[in-house]
Amino acid sequence: MAILGIETSCDETACGIINLDGKVLGNVVASQINTHAPYGGIIPELASRAHLINIYKVYKQTLQESKISSKEIKAIAVTYGPGLAGSLLVGINFAKGLSMSLDVPLIGVNHLEGHIMAALIRDNKLILDLDNSFFPSLCLLISGGHTELILMKSYDKFSLIGQTRDDAVGEAYDKVSRLLGLGYPGGPIIEKMAKNFSNKNRYVLPRAWLNDSYEFSFSGLKTATMNLTNKELFSNNLNKVETQKTISDISYAFQESVFDVLFSKTTNAATEFSCKNILISGGVAANGFLRENFLSKSSFKVIFPEKQFCTDNGIMIASRGLIDYLKNKKLDENLEVTPQLNIL
Ligand code: KG4
Ligand code: ZN
């Protein structure tokens with residue numbers, strides 16, 4: 001007996017299957033990176049078309065990997081939002097059709113709640129027996145579309161503490177990568193460039209503190225990085241080696257600025273709300289620089305998802321669905337696309 005999770009909110013077509021004990025049975029992700037890379041960002045129309053092409057194949061492959069038959073699926077969890085409307089529709093309608101044909105319930109999952117669950121998967125198993133000693137915990141959600149601080153009071157009681165006023169962290173990584181003439185997605189490339197810094201202290205980029213609130217802003221950092229790039233990279237006649245060094249030093253300064261703000265605000269919120277743990281989820285949580293610095297500098301217990309579960313996947317959606325299934329929540333009969341954040 002198992003739960004199927006379907007995720008199509010952005011540019012990954014993903015299915016995941018877990019059993020009722022939370023064990024991961026199958027996890028297949030069809031990435032669209034090559035489709036969007038030439039544009040330096042996601043083109044929504046191309047994303048929904050690619051989901052249409054991929055969804056059935058990804059589902060079939062996940063079943064095969066799980067070594068179960070479709071009859072063993074007890075419920076279908078699907079991302080209903082937030083996300084790109086056209087992309088969400090593909091996953092939701094596929095899930096609706098499948099739930100009718102298999103005669104099993106459909107569970108709508110908020111994408112952000114899915115990302116939070118990803119941090120609770122260890123050794124391919126969702127941890128289902130956390131007690132009050134784990135809560136409250138604070139989740140920092142950092143992805144291509146989101147930068148949020150969320151207080152977790154239990155497995156499914158969340159409240160929003162703060163969020164970005166403009167760009168999400170991952171979006172800032174992607175845009176900075178584009179302006180430095182690097183590829184897409186920007187996060188892993190900037191991380192790699194920053195590792196080859198020639199001088200850590202060569203540049204200092206601004207930090208947006210916003211009166212020490214729990215709100216974030218990364219658009220100023222992006223503009224400052226653009227101005228620095230224009231001054232240092234494009235107005236000087238640099239040779240190849242100097243160009244690489246400059247790109248690496250700018251990337252390093254960018255990452256430092258991002259880390260300082262995320263670390264300080266997350267630590268302050270965790271202290272104010274007497275949190276026992278800090279969970280850091282979402283695509284940007286795959287970043288080694290952020291992981292190492294959070295783990296070495298924080299006085300809180302910091303929990304990251306395993307890298308494969310940082311970016312969008314079906315397992316995180318199945319995990320959230322399993323919690324609802326086990327709690328026997330009222331299951332959605334008339335699921336509709338809800339592209340905005342409406343849980344918190
Ligand atoms: O969670 P995700 O797969 O999709 C959204 O829900 O947005 O996150 C994708 C984002 C992209 O912006 C990508 O550049 C960023 O995560 N990302 C990274 C890294 N790997 C992916 N950012 C920084 N460092 C990384 N290693
Ligand atoms: Zn995501």
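This one's a predicted model, so the numbers in the text were calculated from it and none came from an experiment. Counting starts at 1 for both ligands and their atoms, in listed order.
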(message) Does Asn239, at its CG atom, have more than 12 non-hydrogen atoms belonging to other residues, nucleotides or ligands within less than 6.0 Å?
(response) yes

(request) Measure the distance from atom 10 (C) of ligand 1 to every protein heavy atom, then report the residue, atom name and distance (to 0.1 Å) of the closest one. (result) Gly144 N, 3.4 Å

(message) Are more than 12 heavy atoms, taken from residues, nucleotides or ligands other than Lys307, located less than 6.0 Å from that residue's NZ atom?
(response) yes

(message) Only heavy atoms of Thr311, strictly under 4.0 Å: list the atoms of ligand 1 that pass.
(response) 3 (O)

(message) Counting only heavy atoms not in Lys301 (residues, nucleotides, ligands), do more than 12 fall under 6.0 Å from its NZ?
(response) no

(request) Give the residue and atom name of whichever protein heavy atom lies nearest to atom 26 (N) of ligand 1, and the separation in Å to one decimal. (result) Glu191 OE1, 2.8 Å

(message) Heavy-atom contact check, 4.0 Å cutoff: does His115 meet ligand 1?
(response) yes

(request) Just say parallel, tilted or perpendicular for the rings of Phe289 and Tyr252, cut-offs at 30° and 60°. (result) perpendicular

(message) Apply the hydrophobic cluster definition, ILVMFWY joined by side-chain contacts under 4.5 Å directly or through others, and give me every member besides Ile43.
(response) Tyr39, Leu46

(request) Identify, with sequence neighbours excluded, every residue that meets ring pair (Phe, Tyr, Trp, His ring centres under 6.0 Å) alongside Phe216. (result) none

(request) Could you tell me whether Gly282 and ligand 1 have an N or O pair separated by under 3.5 Å? (result) no

(message) Below 2.8 Å, which protein N, O or S atoms neighbour the Zn ion (ligand 2), ignoring water?
(response) His111 NE2, His115 NE2, Asp312 OD1

(request) Using a strict 4.0 Å cut-off to heavy atoms of Gly145, name the atoms of ligand 1 that fall inside it. (result) 7 (O)

(message) Is the distance between the ring centroids of Phe294 and Phe259 under 6.0 Å?
(response) yes

(request) Please identify which atoms of ligand 1 are closer than 4.0 Å to at least one heavy atom of Ser143. (result) 1 (O), 5 (C), 6 (O), 7 (O), 8 (O)

(message) Please work out, at 4.0 Å between heavy atoms, whether the side chain, the backbone, both, or neither of His111 comes within that distance of ligand 1.
(response) side chain

(request) Identify, by atom number and element, the atoms of ligand 1 in contact range of Gly170, meaning under 4.0 Å from any of its heavy atoms. (result) 12 (O)

(request) Examine ligand 1 and decide if any of its atoms is less than 4.0 Å from a heavy atom belonging to Cys10. (result) no

(request) Closest by any non-hydrogen atom to atom 25 (C) of ligand 1: pick that one out of Cys310, Gly187, Ala285. (result) Gly187

(message) Counting neighbours of NZ on Lys245 that are heavy atoms of other residues, nucleotides or ligands and sit closer than 6.0 Å, is the number greater than 12?
(response) no

(request) Please work out which of Val284, Val258, Asp174 has its closest non-hydrogen atom nearest to atom 11 (C) of ligand 1. (result) Asp174

(request) List, by chain and then residue number, the residues other than Val204 in its hydrophobic cluster (Ile/Leu/Val/Met/Phe/Trp/Tyr, side-chain heavy atoms under 4.5 Å); write none if there are no others. (result) none

(request) Could you check atom 1 (O) of ligand 1 against the protein and tell me its nearest heavy-atom contact, residue, atom and distance included? (result) Gly283 N, 3.0 Å

(request) Describe, in one word, how the ring planes of His111 and His146 are oriented to each other, choosing from parallel (under 30°), tilted (30 to 60°) and perpendicular (over 60°). (result) tilted

(message) Within the supplied structure, the quantity of interest is the number of heavy atoms (other residues, nucleotides, ligands) at a distance under 6.0 Å from Arg49 CZ; does it exceed 12?
(response) no

(message) Applying the side-chain contact (heavy atoms from CB on, under 4.5 Å) criterion to Thr62, which one of Ile6, Ile17, Val29 satisfies it?
(response) Ile17

(request) Applying side-chain contact (heavy atoms from CB on, under 4.5 Å) between Val28 and each of Glu65, Gln64, Lys57, report the one that passes. (result) Glu65

(message) So if I count the atoms of ligand 1 from 1 in the order they appear, which ones are less than 4.0 Å from some heavy atom of Gly186?
(response) 14 (O)

(message) For the CZ atom on Phe234, are there more than 12 heavy atoms of other groups (residues, nucleotides or ligands in this structure) within a distance under 6.0 Å?
(response) yes

(message) Nearest non-hydrogen contact with atom 24 (N) of ligand 1 belongs to which option: Ile42, Leu112, Asn287, Ile190?
(response) Asn287

(request) Using a strict cut-off of 4.0 Å, indicate which atoms of ligand 1 neighbour a heavy atom of Asp312. (result) 1 (O), 2 (P), 3 (O), 4 (O), 5 (C), 6 (O)

